[in-house]
Amino acid sequence: MAATVVLASAFVVWVVWLAFKRCRSPDSALPLPPGPKPEFLLGNLRQLPVENAGEVFREMSKEYGDVMYMKVPGKSPIIILSSLIAAQDLLEKRSAIYSDRPRFALFELFGFKTATTLLPYGKQLMKHRQMHNAFLSKQTCLEHQSMQAMEAQNLVRNLLGSPPEDYEIYMNRFAISIITQILLGHQVHSKDDEFVKLSQTVMAAVVQSGPPGGTIIDLLPFLQKFPYWLPGMQPAQIAYHWQPVVCHMHDILLSTARDKQAAGTAVPSYVPHFLEAMQDQAGKLSAEDEIDIKSSAVAMFSAGEVTTWGLVSTFVLAMLLHPACQKQARDELDAVLGKGSIPTFQDRPHLPYLECIYEEVFRWAPTAPLGLPHRVTEEDIYRGMRIPAGSTVIANLSAMMHDEQFYHQPTKFIPERYLPAPKGHGEPRFVAKFGFGRRVCTGQYLAENSVWIAMATLLASCEIDFAVDNAGNHIIPKFAMDHGVTSHPKPYKCVIRPRKE
Ligand code: HEM
């Protein structure tokens, strides 16, 4: 009898508690954000774009609005933000709950589980970000400027001394050499450099494995436990095959630093610094610290290289397709610096038109069109809509950068748009090129300086011109981007030659 009373009371308490909880969160009755109608069993699976997702989502947002909802059965909801204001409201003003990352099952299989970019929000992420900040803060980046300027001059020398088919190699090398100097004090001198080769191999494998976060393994992570030879498991096969190379990429950063330390040739740089700073009195490094040094360094390497390379290549394409802009920027450089001078970072505030080109290259063809997805850890309400806990939140930077409300003819390359009237349209610089809130890019100051000095040095020293076909006609490339982990111009032909006197 007593037991029945206890059970009945417990039941009543439970019912009351549930009712109380419902009363406390009446918002669960609120509508979800609008989105395309889900299909039976598949949800929105077939509406998720596999190519050029930024533009496809932008088109969809015209119908469903700047906060859009999609759902694939068995997966967390996806919220796509297409306006700067919505992204700032959520990812910045409410960053306490919007700073986690969703799982990237395939990248984990590759061996990137502890890379800064993919870490969940928490202590380990904070540690990585602090480590990055010690070498990449705005202030510390001033110390890297002379190295970046030297790399920009090397870039020009390499481009002028090589056939057009090698241009991309040297733009890539420019980006890698800057990162390896910060990580290890290692300057890239040849095409056969181990870091260049590693980076190219790993990138090719990642691209080959399918759309980032959108492969069958990401959609159905339990498939990781299935044999990889089964039909449809190709992404897992690729990741598994390249796992040792990714592992080597982590190890080589540490072993190179240790070798240099042993030989007394280590120069002040990221990996040697943390190897020393984190070891105990007996010279030992904890397993945890070792993982953090390796994986924060690999994150810098992989996040910093393709993005910077992509932007330099986009700049060259933009100058090729817009010779009048190229000329105007060069005239400005000549007027401010005098012809034949090499620009320095001190010249930057005096080159407003070049600044417009810099802004427009980022906006015109975003290198990270969807940024990196965030994850919201608690249920939230925004503009009367319910954002479920655990949703993946995608900031569609491409849609924001091409928002017709702020940018007229948004897909056109028009650097003047930022100049005040009457010369321009007084359009705003896009402030979220590097993402949002507590997950904002840790390499933004380094990247800004790399891209700017590459642009300024190239314009001051070279002319970027159309290649010609056998009949002597200009080959005019179409503007088109490849969309992989990041976006990169599709291969295009051009000729880079020294400036005419
Ligand atoms: C022009 C080049 C670059 C662009 C456009 C770019 C853009 C971005 C964007 C949009 C994000 C996502 C931010 C978010 O989640 O809201 C990001 C994250 C990140 N970037 Fe960059 N980035 C560039 C260069 C670099 C460089 C040079 C480094 C390092 C040397 C770097 C390291 C990182 C890291 C580690 C993250 C992840 C931060 C985290 O998850 O907390 N990036 N970047």
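Both backbone and side-chain heavy atoms feed into the values below; hydrogens, waters and symmetry mates do not.
- Both the sub-6.0 Å distance and the 45° axial angle are not jointly satisfied by R363 relative to the ring of F406.
- Screening F434, F413, W452 for a ring pair (Phe, Tyr, Trp, His ring centres under 6.0 Å) with F362, the sole residue that qualifies is F434.
- Contact check for Y492 versus V316: side-chain heavy atoms found under the 4.5 Å cut-off.
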Exercise. What do the steps show when you test V306 against M203 for side chain to side chain contact (heavy atoms under 4.5 Å, CB included), and what is the final call?
Worked result: CA-CA 9 Å; V306 274; M203 262 307 134; 3.7 Å; yes
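- N449 is not listed as a side-chain neighbour of I453, based on a closest heavy-atom distance of 4.5 Å or more.
- Scanning both residues, P388 and V376, for their nearest heavy atoms gives O-CG1, 3.5 Å.
- In the displayed structure, K62 atom NZ is contacted under 6.0 Å by more than 12 heavy atoms of other residues, nucleotides or ligands.
- When atom types are taken as modelled, the side chain of R386 and the backbone of A29 share no donor-acceptor pair closer than 3.5 angstrom.
- Closest approach of I238 and A205 over heavy atoms only: CG2-O, 3.7 Å.
- Closest approach of S450 to T308, counting heavy atoms only: CB-CG2, 3.8 Å.
- No donor-acceptor pair closer than 3.5 Å links the side chain of D482 to the backbone N or O of K490.
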For this session: For the pair L90 and I97, evaluate side chain to side chain contact (heavy atoms under 4.5 Å, CB included) and give the outcome as yes or no after the intermediate values.
Result: CA-CA 9 Å; L90 299 181; I97 58 168; over 6 Å; no
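- Side-chain atoms of Q243 come within 3.5 Å of backbone atoms of L109 as a donor-acceptor pair (strictly under, hydrogens ignored).
- Counting heavy atoms from C-beta outward, Q145 and L142 have side chains that approach closer than 4.5 Å.
- The side-chain heavy atoms of L397 and K433, taken from C-beta on, include no pair separated by under 4.5 Å.
- Among residues two or more places apart in sequence or in another chain, the side chain to side chain donor-acceptor pair (under 3.5 Å) test is passed with K71 by none.
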Problem set entry | K127 and D289: CA distance, side-chain angles, deciding distance, salt bridge (charged side-chain N to carboxylate O under 4.0 Å, His left out) verdict | CA-CA 10 Å; K127 181 177 171 188; D289 286 339; 2.6 Å; yes
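- Remark: side-chain polar atoms of R383 are not paired, donor with acceptor, to backbone N or O of P33 under 3.5 angstrom.
- For the pair W242/T201, a side-chain contact is recorded, criterion being any heavy-atom separation below 4.5 Å from C-beta on.
- Counting only heavy atoms from C-beta outward, the side chains of F135 and T442 never approach each other to under 4.5 Å.
- W229 places none of its side-chain heavy atoms less than 4.5 Å from the side chain of M233.
- Residue E288 places its CD atom among 12 or fewer non-hydrogen atoms of other residues, nucleotides or ligands, all under 6.0 Å distant.
- Within a 6.0 Å radius of CD in Q444, more than 12 heavy atoms belonging to other residues, nucleotides or ligands are found.
- The structure places OG of S398 at 7.0 Å from CG of N52, a figure rounded to the nearest 0.5 Å.
- No hydrogens or angles considered: a donor-acceptor pair under 3.5 Å links the side chains of Y353 and E416.
- Here the closest heavy-atom approach between residue P73 and residue L41 is recorded as CG-O, 2.9 Å.
- If you check the side chains of E151 and Q181, you find a donor sitting under 3.5 Å from an acceptor.
- Atom CD1 of residue I476 and atom NZ of residue K493 lie 14.0 Å apart, to the nearest 0.5 angstrom.
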Exercise. Given the rule in the side chain to side chain contact (heavy atoms under 4.5 Å, CB included) test, do L81 and V67 qualify, once you have shown the distances and angles that lead to the verdict?
Worked result: CA-CA 5 Å; L81 308 175; V67 182; 4.1 Å; yes
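- Listed for the R101 side chain is no donor-acceptor partner under 3.5 Å among the backbone atoms of L118.
- No more than 12 heavy-atom neighbours from other residues, nucleotides or ligands sit within 6.0 angstrom of CD on Q139.
- Counting only N and O atoms by type, the side chains of Y270 and S296 include a donor and acceptor under 3.5 Å apart.
- There is no side-chain donor-acceptor pair under 3.5 Å between Q124 and T114.
- We find the CD1-NE2 distance between I293 and H128 to be 9.5 Å, quoted to the nearest 0.5 Å.
- Each of E359, R429, E360, H425 was scored for a side-chain hydrogen bond (donor to acceptor under 3.5 Å, both in side chains) with Y418, with one residue passing: E360.
- Looking only at distances, a side-chain donor or acceptor of H402 sits under 3.5 Å from a matching main-chain atom of W364.
- Taking CZ of F436 as the start and NE2 of H374 as the end, the distance is 7.5 Å to the nearest 0.5 Å.
- Salt-bridge formation is not detected for the pair D89/R94: no Lys NZ or Arg NE/NH1/NH2 atom is positioned less than 4.0 Å from an Asp or Glu carboxylate oxygen.
- For T180 (side chain) and S177 (main-chain N/O), a donor-acceptor pair under 3.5 Å exists by modelled atom type.
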Exercise. Does the side chain to side chain contact (heavy atoms under 4.5 Å, CB included) test come out yes or no for F430 and Y407, once each step is laid out?
Worked result: CA-CA 10 Å; F430 185 69; Y407 304 105; 3.7 Å; yes
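- Between A105 and D218 the shortest heavy-atom distance is N-OD1, 3.0 Å.
- At least one donor-acceptor pair closer than 3.5 Å links the side chain of R417 to the backbone N or O of Q409.
- Counting all heavy atoms, side chain and backbone alike, F479 lies closest to A365 at CZ-CB, 3.7 Å.
- With hydrogens and angles ignored, the 3.5 Å screen pairs a side-chain donor or acceptor of E332 with a backbone N or O of L354.
- One distance of note links OH of Y98 with CD1 of I387; it measures 4.5 Å at 0.5 Å rounding.
- Judged purely by atom type and a 3.5 angstrom limit, N44 uses its side chain to pair as donor or acceptor with the backbone of P36.
- Considering only heavy atoms from C-beta on, I252 comes within 4.5 Å of F195 through its side chain.
- Interatomic distance, CZ of F112 versus OG of S302, reported as 5.5 Å (0.5 Å rounding).
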